[in-house]
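What follows is a single structure, written as structure tokens, with notes after it.
Both ligands and their constituent atoms are indexed starting at 1 by order of listing. Remember, it's a predicted structure, so these values are computed and weren't measured experimentally.
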Amino acid sequence: MTSAEAAPRLLVFDSGIGGLSVLHAIRRSLPSAAIDYVADDAGFPYGDWEEAALTERIVGLMDALIPRHTPDLVVIACNTASTLVLPALRSRFAVPFVGTVPAIKPAAERSHSGVVAVLATPGAMKRDYTRDLIAKFAGGCHVRLVGSSELARYAEAVMRGDPVSDEAIAAEIAPAFVEIDGRRTDTIVLACTHYPFLADRFAALAPWPVVFIDPAEAIARRVRGLLGLAAEPEDRPMRPGRAHLTSGGAWPAGLAGLLAAFGLAPG
Ligand code: DGL
């Protein structure tokens, strides 16, 4: 057994703390993985960044992070980044990358009404990559793309324990609920890793019941597949990991409990 098989080193990256939804799924099946989580808080939010500047920023960050953390695999736990920078990262670095891209195929397969919404940041919503996924996998569906500049910020506030009003959240998700020729949205893709942390609020505020698709488990399976590892027993102790901020600032006190629950200490 190689050392990577015994205890894989993973670098999990997002613009902020939403990528913890992906880390959580990885942790559940690979508790012994050595994980460094990096939040690019200095660049947050990514949703409104211009594409060339965002690519340059993330490639530049990886130039420093990969030699520093020497991961066996990097998870880009961000749809806004993954739908843009994966080709640039894969051509520059030898380490494997697993991305997080809108779960349009499973949503189209699951929808009964044929009306699907994709809730994303403005950046992920407008990417060619996202449009290509729709053309390839959701040809028979009406797909409503909804880009929100606010929801990732709201998710971070809620995760820190700060209040966000129902009205504010309801206004952002309202465009995802459409009715076309008597058929209503029945499936919504959570195409931003921050949104699973708001999923309970979304469900409570939805004008009618829908299924929300969170791809985190599928990403965890992909990570295990690339590392050639089976899921570990759930009772295996969690290896302590580190959480880093690109700003070099201190983690907000309100996040201490959440980081600890995911086996992370401020790095
Ligand atoms: N968590 C990121 C995503 O999955 C985006 C949040 C942001 O930076 O706006 O798209």
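No more than 12 heavy-atom neighbours from other residues, nucleotides or ligands sit within 6.0 angstrom of CG on Asp181.
A distance of 10.0 Å separates CZ of Arg239 from CD1 of Ile35, quoted to the nearest 0.5 Å.
Remark: Asp36 pairs with Arg9 by the salt bridge (charged side-chain N to carboxylate O under 4.0 Å, His left out) rule, at least two apart or across chains.
Side-chain contact between Met62 and Leu65 is present, with heavy atoms from C-beta onward closer than 4.5 Å.
Here His69 and Phe13 keep their ring centres 6.0 angstrom or further from each other.
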What are the atom names and distances for all N or O pairs under 3.5 Å between ligand 1 and the protein?
residue  : atom   : partner : partner atom : Å
ligand 1 : 1 (N)  : Asp14   : OD1          : 3.1
ligand 1 : 1 (N)  : Asp14   : OD2          : 3.4
ligand 1 : 1 (N)  : Thr193  : OG1          : 2.9
ligand 1 : 1 (N)  : His194  : ND1          : 2.8
ligand 1 : 4 (O)  : Asn79   : N            : 2.8
ligand 1 : 4 (O)  : Asn79   : ND2          : 3.2
ligand 1 : 4 (O)  : Thr193  : N            : 2.8
ligand 1 : 4 (O)  : Thr193  : OG1          : 3.3
ligand 1 : 8 (O)  : Ser15   : OG           : 2.6
ligand 1 : 8 (O)  : Tyr46   : N            : 2.6
ligand 1 : 9 (O)  : Tyr46   : N            : 3.4
ligand 1 : 9 (O)  : Gly47   : N            : 3.4
ligand 1 : 10 (O) : Asn79   : N            : 3.3
ligand 1 : 10 (O) : Thr80   : N            : 3.0
ligand 1 : 10 (O) : Thr80   : OG1          : 2.5

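The aromatic rings of Trp49 and Tyr46 stand perpendicular to each other, their planes meeting at an angle above 60°, with 30° marking the opposite boundary.
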